[in-house]
Amino acid sequence: INYCMNIKEPFVIILVGPPLSGKTTWIRNNFPTTDVISRDEIVMEVHGSRNYTEAFKSVDQKEVDRILDARFKEANLLKKNVIIDMTHMASKRRKQNLDYFSDDYYKLAVIFTILPEEEYERRNKKRIEEENKDLPIYLRSKYQGDTKYWQEYEINPNGISEMENKEGNIDRVVFLY
C-alpha cells in the first residue's frame, strides 16, 4: 500500500463507497492497529448486541449521533490517527466529518469502486451469516451503475468533488479498483 506509506501524522482517512464494497475489510487488512470510528459499531454498542439489523431498528439514533460527535472531537483533541468507516457517499457528509479535524491533520480519502451485483449478493449473504447485518436489495440497487454512482453521490473519476479540492478539505485521494 505505497499510497498510504509515509503519510503525515496525525492523519484521518475517510472511506468512500457503498455498503459491502470492502471498506471494513480494507481497514482490517491494512490498518489493523489504527483507531476506527464507525457509526455502525456505535449503533451496536448502544444496543448492547452484535446484531446490527436488530440494533439499528431499536436504538435512539440521536444518542448514536451524540456519541459519534464525541468520538470525532476526542480523536482531534488527542491528535489520534483515525479511520472513519462510513459510506461518505455525499460531499456534505464528507465535509461534515472532516471538519472535526484540525488543519494539522493529513486527510486522505480512499474511494471504493462499484462491484457487480453478484458480488454484492455474495458479500451480503456472508455478512448476514457472520454479523447479522443485512443490506436489503432495494438499498443495494441504489448504488448500482458507475455513472449514476459518481454523479448522484458527487464523486468524479478525477477524485473527490472539485468543491472539496478547492476548499482543501482533502490532501490526497486514492481510488481502489
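- Distance check: N124 CG to L20 CG gives 5.0 Å after rounding to the nearest 0.5 Å.
- Across all non-hydrogen atoms, the minimal contact from I83 to F31 is CD1-CB, 3.4 Å.
- A donor-acceptor pair under 3.5 Å links the side-chain atoms of Y105 to the main chain of K80, judged by distance alone.
- In the model, T34 has no side-chain atom that pairs as donor or acceptor with a side-chain atom of N81 under 3.5 Å.
- Using a 4.5 Å cut-off on side-chain heavy atoms (C-beta onward), D69 and Y100 make contact.
- Within 6.0 Å of the NZ atom in K8, the count of heavy atoms belonging to other residues, nucleotides or ligands exceeds 12.
- Note: F112 and W26 have perpendicular aromatic rings, judged against thresholds of 30 and 60 degrees for the angle between ring planes.
- Between V64 and R39 the shortest side-chain heavy-atom distance falls below 4.5 Å.
- Between D40 and Y52 the shortest side-chain heavy-atom distance falls below 4.5 Å.
- Distance check, rounded to the nearest 0.5 Å: CG of L98 to CD1 of I14 gives 4.5 Å.
- The shortest distance between side-chain heavy atoms of V46 and D60 does not fall below 4.5 Å.
- Although no hydrogens or angles enter the test, the distance criterion places a donor-acceptor pair under 3.5 Å between the side chain of K23 and the main chain of G17.
- The pair E119-R123 meets the salt-bridge criterion, with a side-chain N (NZ, NE, NH1 or NH2) lying under 4.0 Å from an Asp/Glu carboxylate O.
- Checked by atom type and distance alone, the side chain of E9 never pairs as donor or acceptor with a backbone atom of Y106 at under 3.5 Å.
- Distance check: M44 CE to S38 OG gives 6.5 Å after rounding to the nearest 0.5 Å.
- Judged purely by distance below 3.5 Å, without hydrogens or angles, the side chains of S102 and D104 pair a donor atom with an acceptor atom.
- The two residues R94 and V16 make their nearest non-hydrogen contact at CD-CG2, 3.8 Å.
- Contact of the I84 side chain with the F101 side chain is registered, since non-hydrogen atoms from C-beta on lie closer than 4.5 Å.
- In summary, R66 and E63 engage in a salt bridge, as defined by a charged side-chain N under 4.0 Å from a carboxylate O.
- To the nearest 0.5 Å, atoms NZ (K73) and CG (L68) are separated by 10.5 Å.
- Using a 4.0 Å cut-off between a side-chain N of Lys or Arg and a carboxylate O of Asp or Glu, R50 and E41 qualify as a salt bridge.
- Counted within 6.0 Å of NZ on K125, heavy atoms from surrounding residues, nucleotides or ligands total 12 or fewer; the atom is thus considered open.
- In this structure, the side chain of S21 engages the main chain of P18 through a donor-acceptor pair within 3.5 Å.
- Atoms CG and NZ, from N97 and K107 in turn, are 11.5 Å apart once rounded to the nearest 0.5 Å.
- The distance from atom CD1 of I13 to atom CD1 of I37, rounded to the nearest 0.5 Å, is 12.5 Å.
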